[in-house]
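If you're wondering where the values come from, they're calculated on a predicted model, not measured in any experiment.
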Amino acid sequence: MGGRWRRVGTSVVSAFGFFLASAVVSAERGFKIGGLLDDVSADGETFVFSDLLKVVGFLWQADGSHYHHVWPPMEFGWRLVIGSLIGFFGAAFGSVGGVGGGGIFVPMLTLIVGFDPKSSTALSKCMIMGAAGSTVYYNLKLRHPTLDTPIIDYDLALLIQPMLMLGISIGVIFNVVFPDWMVTILLIVLFLGTSTKAFLKGLESWNKETVMKKEAAKRSQPSSGGNQEVEYKPLATGPSNAGEVTVTAEPEVPVLQNVCWKELGLLVFVWIAFLILQITKNYTAICSIWFWVLNLLQIPVSMAVTLYEAISLYNGKRVIASKGHEGTNWKVHQLFIYCSLAVIAGIVGGLLGLGGGFILGPLFLELGIPPQVSSATATFAMTFSSSMSVVEYYLLDRFPVPYALYFITVAAVAAFVGQHVVRRLIILMGRASLIIFILAFTIFVSAISLGGVGISNMIRKIKDHEYMGFENLCRYQT
């Protein structure tokens with residue numbers, strides 16, 4: 001167990017180092033490279049160094065080509081119809097799995113509708129926000145499948161969501177800076193790994209459910225005489241609570257009685273604070289002192305709320321209720337790693353235009369959170385983070401508003417339908433692991449679609465000898 005935590009911790013530190021180094025280089029690009037290239041002599045001693053500087057100069061051209069938006073006119077046609085259908089099913093599957101569906105939205109918007117990749121990223125966040133908002137509304141009245149708590153774990157969301165939103169803000173900046181080839185490599189490696197992990201977790205849950213269904217059938221035979229259907233009991237997937245918790249079906253209660261208002265208030269406070277900072281930042285010059293001050297102010301806002309929740313969990317004053325009694329025993333390194341992964345999930349979400357659920361979903365399952373609660377809580381956290389991304393992209397003028405409103409509506413309707421249908425299937429089949437398989441399938445399809453689009457774009461740019469380096473944040477033009 002300790003070895004696994006060391007490996008995860010090493011990965012977290014490495015990822016932070018990579019993103020930090022990229023940000024530093026991006027902020028200081030163009031100061032010295034040009035002068036170094038002019039000063040390099042042509043003799044043999046500096047030949048290798050000269051080649052190295054040429055490579056660096058290609059990746060960090062101070063006056064590199066600026067990005068040009070491609071916004072097709074909004075008119076009824078086969079592109080809009082097919083794009084709407086793909087978006088509908090992507091939102092339905094993504095909302096059920098708790099991943100948002102951005103991995104399907106971005107290729108659809110790029111290849112079918114005709115947007116440029118970065119505008120597609122911004123529009124995909126709008127669709128994720130619509131799907132997440134609809135899903136949260138559906139889940140607000142539902143209870144935990146095995147415990148007397150809401151299906152949304154508000155304490156878990158309070159621990160994760162502030163750091164997720166901090167990561168989103170960083171990721172939106174990286175979305176401007178990073179070249180497409182680096183984004184593609186990161187995406188393929190990350191998504192194939194998380195989809196494989198989720199699929200294996202689904203198989204494990206499926207086998208547990210099979211055993212529980214057989215035991216339930218045996219217990220029901222003497223009393224039912226074989227003529228009554230065995231009622232579905234959702235699987236409690238905690239590490240040691242299988243068979244120990246008396247499970248019940250997911251009841252519906254009035255929304256006002258099913259919301260933890262204190263936790264929700266803190267989450268809304270973080271969202272409003274970030275919103276004020278983002279709006280204020282829009283009136284400052286990019287890369288000015290106030291631009292960076294307002295960006296850095298997001299750190300104490302998110303850290304204050306997360307530290308409050310983390311300290312309360314460590315002292316036992318609060319618990320992760322969806323884990324049962326195991327949600328009361330938290331160690332410092334566990335809390336640090338979970339918060340760090342939330343930041344990375346936000347960075348990836350802002351960078352790729354995807355929901356942080358692509359990381360949060362598998363992470364929650366590893367925590368032992370039941371699939372229904374994992375999906376609901378991840379989607380709840382994404383509602384805040386995706387809406388903040390939409391505000392940031394809107395302030396940067398990164399998407400056309402009519403298209404955004406249309407696809408938000410499509411995603412919201414699809415998410416509501418998907419939640420209703422899959423919940424009925426789970427009750428009918430008696431297998432909550434369907435949610436995990438949908439999660440793994442959505443991530444895998446996203447890896448194939450986004451990876452394929454990214455590789456094809458890389459090949460085209462290489463053939464056309466286009467600029468493939470980092471963009472200059474301080475010179476970026478919307």
Side-chain angles (χ1 to χ4, degrees), residues 85-101 103-104 130-147 150-153 195 198-217 220 228-237 242 245 247-253 322 355 357-358 361-362 364-365 369-380 382 410-446:
L85 289 174
I86 295 175
F88 183 91
F89 286 104
F93 281 102
S95 65
V96 171
V99 296
I104 298 174
S134 176
T135 303
V136 169
Y137 174 77
Y138 183 89
N139 288 329
L140 280 178
K141 58 186 177 182
L142 300 181
R143 302 290 288 178
H144 191 287
T146 61
L147 301 171
I151 195 171
I152 298 173
D153 193 323
S195 63
F199 179 75
L200 295 176
K201 187 69 176 180
L203 290 179
E204 177 185 344
S205 298
W206 181 280
N207 293 333
K208 289 182 179 179
E209 288 168 341
T210 300
V211 173
M212 293 180 66
K213 286 170 69 70
K214 290 180 178 179
E215 293 178 353
S220 65
Q228 292 184 5
E229 183 180 356
V230 178
E231 181 183 0
Y232 164 56
K233 303 295 185 180
L235 173 64
T237 58
V245 180
V247 291
T248 58
E250 298 175 14
E252 295 185 5
V253 299
S322 56
F358 280 94
F364 290 166
L365 292 174
I369 306 298
Q372 303 97 312
V373 182
S374 171
S375 173
T377 306
T379 304
F380 179 69
M382 280 193 299
V410 170
V413 174
F416 194 87
V417 172
Q419 288 288 328
H420 182 76
V421 171
V422 171
R423 185 181 178 220
R424 295 301 177 188
L425 286 176
I426 291 174
I427 295 175
L428 179 65
M429 298 177 62
R431 294 189 181 275
S433 57
L434 285 176
I435 295 177
I436 307 179
F437 287 121
I438 291 175
L439 168 67
F441 173 76
T442 306
I443 297 177
F444 180 76
V445 171
S446 300

Candidate pair I438 and V422, rule side chain to side chain contact (heavy atoms under 4.5 Å, CB included), full reasoning = CA-CA 10 Å; I438 291 175; V422 171; 4.1 Å; yes
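S374 places no side-chain N or O within donor-acceptor distance of the main-chain N or O of I369, the cut-off being under 3.5 Å.
Considering all non-hydrogen atoms of both residues, A415 and T135 come closest at CB-OG1, 3.5 Å. Between A412 and S134, the shortest heavy-atom distance links the atoms O-OG, 2.8 Å. Here the shortest heavy-atom pairing between I436 and A198 reads CG2-O, 3.1 Å. Shortest non-hydrogen contact noted between I151 and V373 is O-CG1, 3.2 Å. In terms of heavy atoms, H420 sits closest to Y138 at CA-OH, 3.5 Å. Contact between M382 and A132 at its shortest, heavy atoms only, is C-CB, 4.4 Å.
The structure places CD of Q419 at 8.5 Å from CG of L142, a figure rounded to the nearest 0.5 Å. To the nearest 0.5 Å, the span separating CD on E209 from CD on E204 amounts to 11.0 Å. Atom CD1 in I104 sits 11.0 Å away from atom CD1 in I443 (nearest 0.5 Å). Separating the CG atom in L434 from the CD atom in Q372 is a distance of 10.0 Å, to the nearest 0.5 Å.
Using a 4.5 Å heavy-atom cutoff, the side chains of W206 and F437 are in contact. Using a 4.5 Å cut-off on side-chain heavy atoms (C-beta onward), F380 and N139 make no contact.
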